[in-house]
Chemist: 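Here's a structure for you.
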Amino acid sequence: MKFKETTLKLIYNLKSPVILRSVFDLLTRSTKKFARDDGGYLAAGMSYYIFFSVFPFLLGLLAFLGIFFGSEKATEQVKDVLERQLPGIADSPIIYDNLQSIDFNKGLVGALAVIGLLWTGSAVFGSLTRMMNKIWNLEDKRSFYNRKGTDMIFTILIGLVLSTNTFINTIYTQIGQYFGLVGAGSDEVNWIENAWNFITVNVLPPLLSIGVFTFIYNVIPQRKIIFRRTLPAAIIGAIIFEFTKSLFVFYIHTYGNFDMVYGSISAVIILLLFAYVSSIIVVYFAEIHNVFSSMKDEGRFLLKKELILIKGGLKPIKN
């Protein structure tokens, strides 16, 4: 016990910037709040709604893109969205074959797809709203129709965001071919094409993820949020999400023998697992956003004060 007290006293008297202590307190308080708010159950609820929403969402996205590109091209573009956002399941027959089997000539299919997209998508945002309101200790006083209408609008916006890469590629192809750029929209490549592919594969997806995280943390809560306080949690959370997504793909292709255990439904299991892991990230960084905002109100994370080296910079800070 005496050794522990001596060690802590030595650490607390080290000369260091105070911000290191603030970061430690942020992580500690966020983790405790995550456990207190039953963050694992909140993430499980989110992953449940994500799972039951993703198929109608894809159907609605197909119906929307089919209007502009035709059924075959729309199916390939939706598969591209799957490969970037839902790793490990894009090539599964249970999903890809079903996408190819949809007949766009039937207007009823497109109408039902859009209705299904809006309705089931609203359940996802309803879950997000309940999660954020629990974290911020808020009560949603909106009417049922107000909530549903808002959630449906959010669903459309997210669909447009996920389709951004598709539309940008299409616009690039049209412009490139108009100006005679070699390789624009074809199998030929040049340095412009290589640079463009690098941007769309390595730069655009993280930016879209940052935008989605910022949207969730800044718009979803039923209270006024200071935008600049949202950015640290949104940016770091989105980066960790993208890194986790890459690790997830690596694990599935290297070690994950889901087909041996689950057979034809392995894609469903992969989707559920990925949805749960992603939901954990969203919930945990929502807690960090909340605690960071509270600490800013307490006068913490003031860079002019906390970046200065002082003796005892690692001492606990009393509110």
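Every heavy atom of this structure was used, including side-chain atoms; hydrogens, water molecules and symmetry mates were not.
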Chemist: Specify the closest pair of heavy atoms between Ser279 and Met46, including all atoms of both residues, with the distance to one decimal.
Modeler: OG-CB, 3.5 Å

Chemist: Is the ring centre of Phe215 less than 6.0 Å from the ring centre of Phe154?
Modeler: yes

Chemist: Using a 3.5 Å distance criterion without hydrogens, assess whether the side chain of Glu287 forms a donor-acceptor pair with backbone atoms of Ser30.
Modeler: no

Chemist: Who are the side-chain contact (heavy atoms from CB on, under 4.5 Å) partners of Leu309, not counting sequence neighbours?
Modeler: Lys15, Pro17

Chemist: Look up atom CG in Asn133 and atom CD1 in Ile220, then write down how far apart they are to the nearest 0.5 Å.
Modeler: 9.5 Å

Chemist: Set out, in order, the CA-CA distance, both residues' side-chain angles and the distance that settles side-chain contact (heavy atoms from CB on, under 4.5 Å) for Asp140 and Arg130, then state yes or no.
Modeler: CA-CA 8 Å; Asp140 193 345; Arg130 287 190 292 274; over 6 Å; no

Chemist: Checking Ile226 against Lys296 for the side-chain contact (heavy atoms from CB on, under 4.5 Å) test, could you report, in this order, the C-alpha distance in whole Å, the side-chain angles of both residues, the deciding distance, and whether it holds?
Modeler: CA-CA 11 Å; Ile226 300 176; Lys296 289 289 286 184; over 6 Å; no

Chemist: Taking Arg147's backbone N and O only, do any of them form a donor-acceptor pair with Arg142's side chain (distance below 3.5 Å, no angle check)?
Modeler: no

Chemist: Quick one: does Ser278's side chain have a donor or acceptor within less than 3.5 Å of a partner on Ala275's backbone?
Modeler: no

Chemist: Within this structure, what is the CG-CG distance for the pair Asp25 and Leu20, rounded to the nearest 0.5 Å?
Modeler: 11.0 Å

Chemist: Evaluate the criterion side-chain contact (heavy atoms from CB on, under 4.5 Å) for residue pair Met131 and Val283; output intermediate values, then yes/no.
Modeler: CA-CA 8 Å; Met131 179 268 290; Val283 174; 4.0 Å; yes

Chemist: Do the non-hydrogen side-chain atoms of Phe24 and Leu314 ever get within less than 4.5 Å of each other?
Modeler: no

Chemist: How about Tyr48: does its OH atom have over 12 heavy atoms from other parts shown lying under 6.0 Å from it?
Modeler: no

Chemist: Apply side-chain contact (heavy atoms from CB on, under 4.5 Å) to the pair Tyr12 and Arg21, showing each step before the final yes or no.
Modeler: CA-CA 10 Å; Tyr12 289 161; Arg21 182 68 205 192; 3.8 Å; yes

Chemist: Verify the cluster assignment for Leu138 and Phe292: are they in a single hydrophobic cluster under the rule of side-chain heavy atoms below 4.5 Å apart?
Modeler: yes

Chemist: Does anything in residues 37-53 form a salt bridge (charged side-chain N to carboxylate O under 4.0 Å, His left out)? List the pairs, not counting sequence neighbours.
Modeler: Lys33-Asp37

Chemist: Give the minimum heavy-atom separation between Glu306 and Gly299, together with the two atoms involved.
Modeler: OE2-O, 4.4 Å

Chemist: Do the non-hydrogen side-chain atoms of Tyr49 and Leu128 ever get within less than 4.5 Å of each other?
Modeler: no

Chemist: Please indicate whether Arg228 has more than 12 foreign heavy atoms, meaning atoms of other residues, nucleotides or ligands, lying under 6.0 Å from its CZ.
Modeler: no

Chemist: Could you check whether any side-chain N or O of Thr150 sits under 3.5 Å from a backbone N or O of Asn146, counting only pairs where one atom can act as donor and the other as acceptor?
Modeler: yes

Chemist: Taking all non-hydrogen atoms of both residues into account, name the closest pair between Ile288 and Leu26 and its distance.
Modeler: O-CD1, 3.8 Å

Chemist: Could you tell me whether a side-chain N or O of Tyr217 sits under 3.5 Å from a main-chain N or O of Ala286, the two making a donor and an acceptor?
Modeler: yes

Chemist: State whether the number of non-hydrogen atoms from other residues, nucleotides or ligands found under 6.0 Å of Asn137 atom CG is greater than 12.
Modeler: no

Chemist: First locate atom NZ of Lys315, then atom CG of Asn13, and finally report the distance between them rounded to the nearest 0.5 Å.
Modeler: 5.0 Å

Chemist: Does any N or O in the side chain of Thr244 come within less than 3.5 Å of the main-chain N or O of Ile240, such that one atom is a donor and the other an acceptor?
Modeler: yes

